[in-house]
Participant: 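I'd like to ask some things about the structure below.
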2 protein chains.
Amino acid sequence: METRQIRYFLKVAEMEHMTEAAISLHVAQSSVSRQISNLENELDVELFIREGRRVKLTPLGKIFYDRMKQAMNLMDDAKREVKEYMNPEKGTVRIAFPISMAAHTLPSIIYAFRTRYPEAQFEMSNALYPDLIKGVVNGEFNLAMIAPMPIKEHEKKITGTTLFTENIVALLPLHHPLANRTSILLRELKDDPFVVLPEGFIFRDQVVQACNVARFSPQVAFEGKDIDALKGLVSAGLGVALMPESTLVDNTPRSTVMIPLTDANLTRTVGVIYPTQRELLPTEQLFYNFLLEIYERLNEFKK
Amino acid sequence: METRQIRYFLKVAEMEHMTEAAISLHVAQSSVSRQISNLENELDVELFIREGRRVKLTPLGKIFYDRMKQAMNLMDDAKREVKEYMNPEKGTVRIAFPISMAAHTLPSIIYAFRTRYPEAQFEMSNALYPDLIKGVVNGEFNLAMIAPMPIKEHEKKITGTTLFTENIVALLPLHHPLANRTSILLRELKDDPFVVLPEGFIFRDQVVQACNVARFSPQVAFEGKDIDALKGLVSAGLGVALMPESTLVDNTPRSTVMIPLTDANLTRTVGVIYPTQRELLPTEQLFYNFLLEIYERLNEFKK
DNA sequence: ATGTATTCATGCAAAAAACGCATTGATTTC
DNA sequence: GAAATCAATGCGTTTTTTGCATGAATACAT
């Protein structure tokens, strides 16, 4: 069982297609086919079902995939750890975050971090809420920004810290009747069309729940698959939206206005998580400490 | 980073000797040397210090060793899991246990298990108390019998069940003044020479502590490095010993006599542990369930 | 101190493994 | 039913690994 075989296996499993996997791996299709075959021989097990011209993982193959994914992540991390050990400030931070932080929160953190450590590298990916947690648990990445902070249920496998609490605000088109107010109550929007994220996004659920607390069900007019899409929809006058305040800092779209909500508890907690079982890589540890330090000072300042 | 390199690396790290590692791996020394060198080149790091004709892990090498050990255990386990998936009853149970269970407890359990699953295989190893826990955590084995059951401190990483509670009894030479009694108090042995396990064995500490509870410090005459050695020492009349009852069942040595102790709480809990983070392999799961079932019935019967 | 025995690293040829190409047979698509 | 796509396989080529021989450095014994 050589890592080359495992790498080929993982790629084929993900693509469910040998030829494409071979292209993606920059080797001939025959090589991939043969290595997979060797692997199956060694394990004495069918990992793929050849149905017609497709290959799909068998149930057993899926189990094997999960295990190998984890093992390879472990090995890759170890490699990075060893390489970064001597000078962490030149290493790489691999971090994932929800789309809502892509525009402002993350960039400003990274900017600050790179001011102190100019040679640090970043690998970023965004993911939906459950995948952030899953990714941290199975080692796809070791750090994730997340909002809201997950609760007890995952406590055994992930550890984290709340960095700050931010307000949720309303974004209205400029010609909206309430656009001139300095603040509103959420319930005042009960008859407005809402633009929200699609099902599956945690922030959509938070919006709907907030409305329910304000004793109405939001009338969903449009769905946009990221925060910027929502902004566009509001900007076009197609509805109103709720957003975390940080996504609007320095970035309120044209023809819209941001209005604070005076409802109680209309906030979300933003934090960072990492796996309990594994240690952070040197550079990531540096970044994590940096995060805590920065936000501790910032929160202190707010008081 | 190929698994061949990692296997060579692990062996060299353990033996601190390339030539011996090569012999143990059934390859030429030059191959091992070359692969280690390749690995170091790829990682761009010194894994070993060449001091004279020895090789020792650098501090960084130690970190890498731990990571790789874990990764390889994961891969090996995955391989076994996949192979055993189809028919668990033909698979292998890898289990570790303290020496005190080597004579009676383990063999009788295994005998019973093999009566139901005649094709099951066993790989057994014994280890000191802390290594039992360490081994389960880092994946050297997935199951360990252990006594006493460890407490909270490791709760996050290991899970386990208490199987039964057994009495601790005294083993006396046949000509001992108390040898004809049907039971004694531990304190009656306060002036006797004791034979005990060496430092580092948990059961030694238990014995000493039990004596302290009986308000005396045992006078240690001899140390034997396993239970059978202790039995021999008692049999030769060199002292008295305390032992878990199960180690004497069907096996009281010649010229000795086993006497129950009437002190309260002179018992130890015997249990089985497995890692919280990983799932048991199919055959091991079978064995674990078997254990629970057997001892539940047995404990029921005792009442 | 000097010689001898070990031990790890390296050059080089042999063996083994992986690769790419071409082709086959099976299946899907139009 | 023809064309296209895909995975498997035979085969010659390339790459990698191995083993042997050797060299350099160190430890040990006398």
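Note: hydrogens, waters and symmetry copies are ignored here, and every other heavy atom, side chains too, is used. A note on names: the letters A, B, ... follow the listed sequences, proteins ahead of strands, and every chain is numbered from 1. Computed from a predicted structure; not experimentally measured.
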Participant: What one-letter contact string describes nucleotides 17-30 of chain C from 5' to 3', where B marks a base within less than 4.0 Å of any protein heavy atom, S marks contact via sugar-phosphate atoms alone, and - marks no contact?
Facilitator: -SBBB-----BB--

Participant: Give me the first and last nucleotide of DNA chain D, going 5' to 3', that has any atom under 4.0 Å from a heavy atom of chain B.
Facilitator: dT17(D) to dA27(D)

Participant: Under 4.0 Å, heavy atoms only, any strand: does Thr19(A) hit a base, just the sugar-phosphate, or nothing?
Facilitator: sugar-phosphate

Participant: Can you name the residues that form a ring-ring contact (aromatic ring centres under 6.0 Å, His included) with Phe9(A), not counting sequence neighbours?
Facilitator: Phe48(A), Phe64(A)

Participant: Between Phe287(B) and Phe122(B), is the ring centre distance below 6.0 Å?
Facilitator: yes

Participant: Using side-chain hydrogen bond (donor to acceptor under 3.5 Å, both in side chains) as the criterion, list what pairs up with Gln29(B), not counting sequence neighbours.
Facilitator: none

Participant: Scan the side chains in residues 194-202 of chain A for donor-acceptor partners under 3.5 Å anywhere in the protein, sequence neighbours excluded, and list what turns up.
Facilitator:
none

Participant: Identify, with sequence neighbours excluded, every residue that meets salt bridge (charged side-chain N to carboxylate O under 4.0 Å, His left out) alongside Glu123(A).
Facilitator: Arg94(A)

Participant: Among residues at least two apart in sequence or on other chains, which ones pass ring-ring contact (aromatic ring centres under 6.0 Å, His included) with Tyr85(B)?
Facilitator: none

Participant: Taking only residues two or more places apart in sequence, or in another chain, which ones meet Arg278(A) in a side-chain hydrogen bond (donor to acceptor under 3.5 Å, both in side chains)?
Facilitator: Asn142(A)

Participant: Only counting residues at least two apart or in another chain, list the ones meeting ring-ring contact (aromatic ring centres under 6.0 Å, His included) with Tyr65(B).
Facilitator: none

Participant: Give me each pair satisfying salt bridge (charged side-chain N to carboxylate O under 4.0 Å, His left out) with a member in residues 14-26 of chain B, each pair once, sequence neighbours excluded.
Facilitator: Glu14(B)-Lys69(B)

Participant: Please name all residues satisfying ring-ring contact (aromatic ring centres under 6.0 Å, His included) with Tyr129(A), sequence neighbours left out, ordered by chain then number.
Facilitator: none

Participant: How large an angle, rounded to 10°, do the end axes of the helix from dA1(C)-dT30(D) to dC30(C)-dG1(D) enclose when each is built from five base pairs?
Facilitator: 30°

